[in-house]
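The structure appears right after this line, and notes come after that.
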Number of protein chains: 2
Amino acid sequence: MAEDAPRRQPTLDEVTELAGVSRSVASRAINNAPHVSRAKREAVERAVRQLGYVPNPTARALATRQTGAAALVVSGEDPSIFADPFFAQVIVGASAALEEADLHLMLCLAASDRSRERVGELLRSKGADGAMLMALREHDPLARMAEEAEMPVVFGGRPVGTTPRWYVDVDNVGGAREATEYLVSRGRTRVAAICGRLDTEVGRARYRGYRDAMLAAGLDPLPPQEGDFTEPSGAAAMAALLANHPDVDGVFAANDNMGAGALRALREAGRVVPVDVAVVGFDDLAVAQIADPPLTTVHQPIAALGREMARMLVALISGQDPTPLILPTRLVTRASA
Amino acid sequence: MAEDAPRRQPTLDEVTELAGVSRSVASRAINNAPHVSRAKREAVERAVRQLGYVPNPTARALATRQTGAAALVVSGEDPSIFADPFFAQVIVGASAALEEADLHLMLCLAASDRSRERVGELLRSKGADGAMLMALREHDPLARMAEEAEMPVVFGGRPVGTTPRWYVDVDNVGGAREATEYLVSRGRTRVAAICGRLDTEVGRARYRGYRDAMLAAGLDPLPPQEGDFTEPSGAAAMAALLANHPDVDGVFAANDNMGAGALRALREAGRVVPVDVAVVGFDDLAVAQIADPPLTTVHQPIAALGREMARMLVALISGQDPTPLILPTRLVTRASA
DNA sequence: CCCATAATTGGAAGCGCTCCCAGAGCGCTC
DNA sequence: GAGCGCTCTGGGAGCGCTTCCAATTATGGG
């Protein structure tokens, strides 16, 4: 049973020979293509089983000009951005959808010039059948690389400045507006926004939603208190806010990490949440439930984001022309507001 | 400048022609191989630039029998296991190390039979130059697949039952022992363990460390209170513990998620941490810092785990025979104990 | 100035698979 | 019984690159 000769992988030709058919027939049989008689098909199947033959994906890729893989590129200036559990969920969704199309997932963390350069080469060399780009920042070189590459590309979230042809995004403006409206509806009038980096579209859009809601309610929006989406930056922003606007009674944080940071800063400053200050976050990650008090937050369908990106990419690869998609958010109320 | 003809990628032959050299020379020049005169090398470089030539990785892969990619396989019975931020950090480390060797990262979430089958095929067909396997459970079919595939394979953590030839692991027993010893050293005598799934080696090893430390201190170890590494399971385990052993005064949780859950259950039961019950976790993820009170925990070098796995794999791929590695842990004391 | 030696060079054979195409075989119809 | 439209079949030409090898040219010592 066990040969331990230094055997190579068996090739199609060996199957061909054992089954007594031509290469074309063997190839067709293996790919379940038509025009193969029942007898030959079975002969091929038998030979395949006997030899333990597995098609060589590289050779197939060369012949078909399809690699069978899609890249998920996460930009950022250092790899720590990827530590955000957000991406893990995107991956879960994308991975599932790619699997349906029998594509493999290539993950590229484009956090250094070197790695960005490698991504560029991947795109230009058609090292994948398509790519999903996420977390692009302003003037991100990846945007141009993607444009120049003649490869299907789907954006996750819109990059700052331009609106790509194909993207999946979450309704950031709407979600932020809803969060702010909720705070206002609970009687808060001095509501501040701890926003994410304003060189990202998410950061801007969520601030815009806050501002719109404030203006619509006849309240004065405060200028953006910028953080970088991390917990410490949220705490720092909250501290700054308390220093400049001691009378703040509501806070909209542009994500849960910063919301959790704000909660901590408030606790350290002796403010009671939600009595003194109500806080709403964005994302609805695990941290929102674990936070104390649990964080009222804007839920966004993260796995669905990944899934839809992948589906859109698959559609693109198969020659269709899908339309961009904006996924809805919904407010999840917990104890913090 | 901009041709918008439906141009294919330029091929080596076109470079060859433009530079006026043979294919061999062009190939050597492009790969920085020796035996190319200065003049021809420059001619090739010029042609490459002029044509915007990028080597086709698939063709190269077919010729060299090297795909230029390594797979990271995360097993599990459903994809949610991947939501654990643990993996994100492993990926950050692995990705960086692979980049140094100019390898791409293929991520496989093997959470269904279908996806496991695809991984098996990837392994058998040599669709990657090597693979890193993580989170294998007892009788995990991936173990056999990996064994049968003649492909370099590195394990992250040891699977239950067997000790693979190449692996990188964390000192789970030592870490758990240290955590328990610390609790004991703080005067706790009725220390319980909330352990992870006992069909994983991590779960077993951490319980073993707890038990060893208890026995060494002349205390009675409690039977394992099993959770599944999630926050809710930690809370449930803690509740069960309080019901069966109301006098418990110390808890070692096999990871931070469950530690956070225990904290919540204790709070809900009116116990004060660390006065009534001291709690120690394991992992030192972000949740440990955010928890209230902040969780004393066993820090493990997660990114380093990923990095070392990747390095070991690279060594294996390049024909070396590296030795298994066990990474040290260290206790980080915070307010919970 | 000639020959041994080393550095370059280009031809050509793969790597393993897909797929176009022409030809063969076969059952019908008219 | 010839002609037509099928389905099958296998030959062979790629896909784009690496690399072995024999041939060519450059180098240099005697």
Side-chain angles (χ1 to χ4, degrees), chain A residues 7-45 47-48 51-69 102 121-122 124-129 150, chain B residues 7-45 47-48 51-69 102 121-122 124-129 150:
Chain A
R7 62 164 181 280
R8 282 189 342 342
Q9 303 275 358
T11 70
L12 226 210
D13 279 330
E14 283 158 59
V15 173
T16 278
E17 196 168 347
L18 213 182
V21 301
S22 74
R23 242 225 298 283
S24 330
V25 169
S27 175
R28 269 182 245 127
I30 286 166
N31 293 300
N32 288 315
H35 303 305
V36 180
S37 66
R38 189 185 168 80
K40 302 237 166 190
R41 191 178 293 271
E42 281 171 359
V44 171
E45 280 166 4
V48 164
L51 257 37
Y53 169 79
V54 189
N56 178 319
T58 305
R60 180 176 284 179
L62 184 59
T64 60
R65 301 141 168 285
Q66 301 231 56
T67 63
D102 210 38
E121 203 164 302
L122 185 74
R124 273 175 296 152
S125 69
K126 293 221 197 317
D129 296 341
E150 333 175 38
Chain B
R7 62 165 180 279
R8 282 188 342 341
Q9 304 275 356
T11 70
L12 225 209
D13 279 330
E14 284 158 59
V15 173
T16 279
E17 196 169 347
L18 212 182
V21 300
S22 74
R23 242 224 300 277
S24 336
V25 169
S27 175
R28 270 181 243 126
I30 286 166
N31 294 300
N32 288 314
H35 303 304
V36 180
S37 67
R38 189 187 169 80
K40 303 236 167 192
R41 191 177 293 271
E42 282 169 358
V44 171
E45 281 165 4
V48 164
L51 258 37
Y53 169 79
V54 189
N56 177 320
T58 305
R60 180 177 284 179
L62 183 59
T64 60
R65 298 144 169 285
Q66 301 230 60
T67 64
D102 208 38
E121 202 164 303
L122 185 74
R124 274 175 295 152
S125 69
K126 293 220 198 318
D129 296 341
E150 333 175 39

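Both backbone and side-chain heavy atoms feed into the values below; hydrogens, waters and symmetry mates do not. Lettering follows sequence order; numbering is per chain, from 1. All of these numbers come straight from a predicted model, not from anything done at the bench.
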>> Using five base pairs at each end to define the local axes, how bent is the helix from dC1(C)-dG30(D) to dC30(C)-dG1(D), to the nearest 10°?
In response: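 End axes: 50° apart.
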> Starting at NZ of Lys126(A) and ending at P of dC17(D), how long is that distance when rounded to a whole Å?
Replying inline: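 Interatomic distance, NZ of Lys126(A) to P of dC17(D): 13 Å.
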>> Rounded to whole Å, please give me the gap between CD1 in Ile30(B) and C1' in dG16(D).
In response: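 Rounded to the whole Å, the gap is 11 Å.
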>> Counting primed atoms plus P, OP1 and OP2 as sugar-phosphate and everything else as base, spell out the protein contacts along nucleotides 9-17 of chain C at 4.0 Å heavy-atom distance: B, S or - for each nucleotide, 5' to 3'.
In response: BBB-BBBBB
> How about Asn56(A) and Thr11(A): do any of their side-chain heavy atoms sit closer than 4.5 Å?
Replying inline: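 No, too far: nothing below the 4.5 Å cut-off.
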>> Under the rule for salt bridge (charged side-chain N to carboxylate O under 4.0 Å, His left out), what residues qualify as partners of Arg60(B), not counting sequence neighbours?
In response: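 Salt bridge (charged side-chain N to carboxylate O under 4.0 Å, His left out) check on Arg60(B) returns nothing, list empty.
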> Partners of Glu14(B) by salt bridge (charged side-chain N to carboxylate O under 4.0 Å, His left out), sequence neighbours excluded?
Replying inline: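 Per chain and number, Glu14(B) pairs via salt bridge (charged side-chain N to carboxylate O under 4.0 Å, His left out) with Arg8(B).
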Contacts table for residues 35-43 of chain B: side-chain donor-acceptor under 3.5 angstrom, sequence neighbours left out:
residue, atom, partner, partner atom, Å
Ser37(B), OG, Lys40(B), N, 3.4
Arg41(B), NH2, Ala33(B), O, 2.9

> Residues in side-chain contact (heavy atoms from CB on, under 4.5 Å) with Val54(B), at least two apart?
Replying inline: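 Once residues adjacent in sequence are excluded, the partners of Val54(B) under the side-chain contact (heavy atoms from CB on, under 4.5 Å) criterion are Glu121(A), Arg124(A), Ser125(A).
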> Rounded to the nearest 0.5 Å, what separation is found between the CZ atom of Arg23(A) and the CD1 atom of Ile30(A)?
Replying inline: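 The CZ atom of Arg23(A) sits 11.5 Å away from the CD1 atom of Ile30(A).
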>> Donor-acceptor check, side chain of Thr67(A) to backbone of Asp129(A), threshold 3.5 angstrom: yes or no?
In response: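 Yes; judged by distance alone, with no hydrogens or angles, the pair exists.
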>> Keeping Lys126(B) on the side-chain end and Glu150(B) on the backbone end, is there a donor-acceptor pair under 3.5 Å?
In response: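 Yes; judged by distance alone, with no hydrogens or angles, the pair exists.
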